[in-house]
Each structure stands twice: as C-alpha cells, then as structure tokens.
Protein chains: 2
Amino acid sequence: MRFSEKKTATILRQHGYKFTPQRRVVTQTIASTQDHLTPAAIYEKVHQEHPNIGLVTVYRTLDILAKLGLICELHAGGSCHSYTTSASEHHHHLICSNCGKVVDFSGYDLSELKQRLSLETGFEIEDHLLEFIGLCQACQKEVIR
Amino acid sequence: MRFSEKKTATILRQHGYKFTPQRRVVTQTIASTQDHLTPAAIYEKVHQEHPNIGLVTVYRTLDILAKLGLICELHAGGSCHSYTTSASEHHHHLICSNCGKVVDFSGYDLSELKQRLSLETGFEIEDHLLEFIGLCQACQKEVIR
DNA sequence: TTGTAATTGAAAAATATTATCATTTAATAA
DNA sequence: TTATTAAATGATAATATTTTTCAATTACAA
Ligand SMILES: [Mn+2]
Ligand SMILES: [Mn+2]
Ligand SMILES: [Zn+2]
Ligand SMILES: [Zn+2]
C-alpha cells in the first residue's frame, strides 16, 4: 500500500493544516492510480464521487500536499503540472524561487544514467531536465521563512 | 557572442522553416539578456521596438526555437515556462512525450552535485527536478517522427 | 519574377489559475 | 460535550495564459 491515510493526517497536522474530508479524498484519488494526473483530471475524478468538492479546493490541496512532499509534482512538457503519488553545449539550471534569478551550470554529465535508464526501461530518451531550486544569496537575507 | 543570426537562419531553413523578421527579432531579444524570460516578458520587449509583432507569433516562435534547441526552455516552478538562450523516498521521472506514461526511478544521488553548487553559487538549495523525456517502448512503434 | 506553401496578426475562444468573501468546519481546550 | 476560533471551503468572479481561426501577407525555391 503506497498510501497511508494516517500518515497524511499526521503530517498535515504537524504543519498546522487540518485534515479535512476534501483533502482525504484528493489524496486517495491520486493514490488510486499509477498515472500522473493534471489538476483538472483530479478534479474530474473527485467530482464523480463528491460533486460538492470544488475545483479551487483541489488546487489548494494539491499545493499543500506537494509542498509537504505527500504527493510529487512533475513537469510534463506541454501541460505544465501533473501529480503522482510520492513513493549542444548542454547546461542546467539553478533557479531562485524568490526572485527568479537563474544560474547556469554545466559539466555535469548524465549520459551514463541516461544509458542505464534506456536499457532498464526500453525508453528512447530524447531529453532531460535537471534543475535545482533554492534561494540565491541576496534572497536568503530578505526572505523571512 | 552567444548568438549567431546566421546559425539561427540556417537551422530554421534546414528544418523547413522560414527565417522571418519576427523570428529574428524574437531570437535577438532572448539573446540580448542573461535573464530567463516568460513569453509575456519576451512579447513586451519585442513589442517596444516592433509594435506590429503579435503575441501569438511570439508563442509560435518560442515553440519552434525551443524544439530546434536554439533557445532553452526551463521550468520555473510557479510560472511554468520561461526561456533563455541555448549555449518520501525521493525519486525521479522518465516521461513518455507521446502517451504521458511516467516511470519512476530512484537510487540516483544528486547530493554531491547539490553541495558543490551550493558552495560555488551561494544558493541555499531547497529542491531539484530531474526528469528524462522520451518515448516508451509502445510509443516507439506507433510514432512516425 | 512567379507560384505557393508557410507565416502572420487580429480577434475570439478556450484553458488554466487565482482572488474574494460569506459560510462552514476541524481541532483545541474548557 | 460544548464553546471557541482560526482555518478551510465553495460559489463566483476576475485574471492570466494559451490556442484556434482565418483572411491577408510574405519568404523563398524554382
Ligand atoms: Mn539548459
Ligand atoms: Mn519525484
Ligand atoms: Zn533570488
Ligand atoms: Zn508512450
């Protein structure tokens, strides 16, 4: 079982959030499938059983669950955000989550990992994304929490 | 000089695209700064000098330039897409660009790189994103190009 | 120069996300 | 249990973002 209701409740409460029925349902819905789902897809599933839960609540819940690491946010090309349960001269990026500053870095080679994954999964890998998110020096001073 | 107009023109034409004034301007605008810019920000800059270039053209141009690797698309948390010149138990993802299938993988450790980057840049790194994009086995057979 | 497929811009449409605010509710402690 | 209260919800509206449409224009190969 990849999903523990008790754990979700505990972690939410530990961070000062309430464990509401809505949050339980959204979490369960995401846990009920291997797929990654867009907010709209999650809302649709949730809405079938619980037509009274609003889309906005889904968005709010996803934000919180992702922030707490209870679900995993991923970037899927076109439709930017989806969620799944948490269980040239190429360069990569370091991005400040506060001011948006971007620092490039290079010299980190992922080709060995890429090859390993290709063999293990049969994927034909075309691209990758490696980004670090954090606070730049300037923003570390400004930001309270 | 990080930007070569001739190279842009050549690569566009090599792929059957025309090298239009609009595409030149968008490329130049992106190349003119170290920042990463949202489509809206790019449009705004472009629009100052060339008020006749439409927002839609900016979007279309960004798609093409990114696809050809002439600019680099990045995922910046909140506001999903920006562009810059191209020069639980934690796990990561392998995503099929055709059907959206997601395969998790784990056991790849980025902590050493993270530490190195922290030291070099002064960033306080909070998170990272590592994703491989490609075609799953099933889709490799289906997809023509 | 000509022909033609690609591209463009304006507008509208479709999507996606966030803000507001009156009402309800989970959690704490009397 | 009950009362209290800050947090959460849902309906709606407001924004923001992206895509579609289509007639007019244009790059560029022939
Ligand atoms: Mn890059
Ligand atoms: Mn992950
Ligand atoms: Zn910063
Ligand atoms: Zn696939």
Side-chain angles (χ1 to χ4, degrees), chain A residues 5-6 8-29 36-68 70 73-83 100, chain B residues 5-6 8-27 29 36-68 70-71 73-83 100:
Chain A
E5 193 169 305
K6 190 174 281 184
T8 302
T10 301
I11 292 186
L12 278 172
R13 291 189 186 117
Q14 270 177 359
H15 289 83
Y17 296 106
K18 294 178 180 176
F19 183 58
T20 65
Q22 291 88 343
R23 287 173 182 171
R24 184 176 48 69
V25 168
V26 168
T27 310
Q28 275 180 337
T29 299
H36 65 130
L37 305 169
T38 60
I42 292 165
Y43 171 69
E44 206 172 345
K45 283 194 162 217
V46 163
H47 201 251
Q48 284 177 354
E49 299 289 318
H50 305 270
N52 45 325
I53 297 181
L55 174 61
V56 181
T57 296
V58 173
Y59 272 107
R60 289 188 285 224
T61 302
L62 293 176
D63 282 349
I64 292 170
L65 293 175
K67 182 155 56 186
L68 297 181
L70 291 166
E73 191 178 288
L74 60 87
H75 174 76
S79 61
C80 259
H81 283 130
S82 349
Y83 299 83
Chain B
E5 192 167 306
K6 190 174 279 183
T8 302
T10 303
I11 292 186
L12 278 172
R13 291 189 185 116
Q14 271 177 357
H15 290 81
Y17 296 106
K18 294 178 179 175
F19 183 59
T20 64
Q22 291 88 342
R23 289 174 181 169
R24 184 176 47 69
V25 168
V26 169
T27 310
T29 299
H36 65 130
L37 304 169
T38 60
I42 291 165
Y43 171 69
E44 206 172 345
K45 282 194 163 218
V46 163
H47 201 251
Q48 285 178 354
E49 298 289 317
H50 305 270
N52 45 327
I53 297 181
L55 174 61
V56 183
T57 295
V58 172
Y59 273 107
R60 289 187 287 224
T61 302
L62 293 176
D63 282 349
I64 292 169
L65 294 176
K67 181 154 59 188
L68 297 182
L70 290 167
I71 60 174
E73 192 178 286
L74 61 87
H75 173 75
S79 61
C80 258
H81 283 127
S82 349
Y83 300 84

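All chains are named by letter (A, B, ...) in the order of the sequence lines, taking the proteins before the strands, and each is independently numbered beginning at 1.
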Side chain of [X] - closest among [options]:
{"X": "Leu55(B)", "options": "dT18(D), dG9(C), dT9(D)", "answer": "dT18(D)"}
{"X": "Tyr59(A)", "options": "dA6(C), dT20(D), dT18(C)", "answer": "dT18(C)"}
{"X": "Lys18(A)", "options": "dC28(D), dT8(C), dA6(D)", "answer": "dA6(D)"}
{"X": "Arg13(B)", "options": "dC28(D), dT8(C), dT18(D)", "answer": "dC28(D)"}
{"X": "Val56(A)", "options": "dA19(C), dC28(D), dA27(C)", "answer": "dA19(C)"}

**Item:** Residue pair Thr27(B) / Leu70(B), side-chain heavy-atom distance below 4.5 Å
**Value:**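 No. Closest side-chain heavy atoms not under 4.5 Å.
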
**Message:** Can you confirm whether Thr57(B) sits close enough to Arg60(B) that some side-chain heavy atom of one is under 4.5 Å from a side-chain heavy atom of the other?
**Reply:**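 Result yes, sub-4.5 Å side-chain heavy-atom pair found.
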
Contact under 4.0 Å: [X] side-chain N or O vs [N] OP1/OP2:
{"X": "Thr20(B)", "N": "dT8(C)", "value": "yes"}
{"X": "Gln22(B)", "N": "dG9(C)", "value": "yes"}
{"X": "Arg23(A)", "N": "dT9(D)", "value": "yes"}

Calculate the interatomic distance between [X] atom [atom1] and [N] atom [atom2]; express it in whole Å.
{"X": "Phe19(B)", "N": "dC28(D)", "atom1": "CZ", "atom2": "C1'", "result": "14 Å"}
{"X": "Tyr17(A)", "N": "dA6(D)", "atom1": "OH", "atom2": "P", "result": "17 Å"}
{"X": "Arg60(B)", "N": "dG9(C)", "atom1": "CZ", "atom2": "P", "result": "8 Å"}
{"X": "His15(A)", "N": "dA8(D)", "atom1": "NE2", "atom2": "P", "result": "13 Å"}
{"X": "Leu62(A)", "N": "dT17(C)", "atom1": "CG", "atom2": "P", "result": "10 Å"}
{"X": "Leu12(A)", "N": "dA7(D)", "atom1": "CG", "atom2": "C1'", "result": "12 Å"}
{"X": "Asn52(A)", "N": "dT23(C)", "atom1": "CG", "atom2": "P", "result": "19 Å"}
{"X": "Gln14(A)", "N": "dT28(C)", "atom1": "CD", "atom2": "P", "result": "12 Å"}

**Prompt:** Out of curiosity, Thr61(A) OG1 to Tyr43(A) OH, how far, rounded to the nearest 0.5 Å?
**Reply:**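 The OH atom of Tyr43(A) is 12.5 Å from OG1 of Thr61(A), to the nearest 0.5 Å.
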
**Message:** Please check this pair: side chain of Arg24(B) against backbone of Glu5(B), looking for a donor-acceptor N/O pair closer than 3.5 Å.
**Reply:** no

**Item:** First encountered from the 5' end of DNA chain D, between Pro21(B) and Ile53(A)
**Value:**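 First, find each residue's nearest nucleotide; the 5'-ward one identifies Ile53(A).
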
**From CA spacing to verdict: side chain to side chain contact (heavy atoms under 4.5 Å, CB included), Leu12(B), Ile64(B)** = CA-CA 9 Å; Leu12(B) 278 172; Ile64(B) 292 169; 3.8 Å; yes

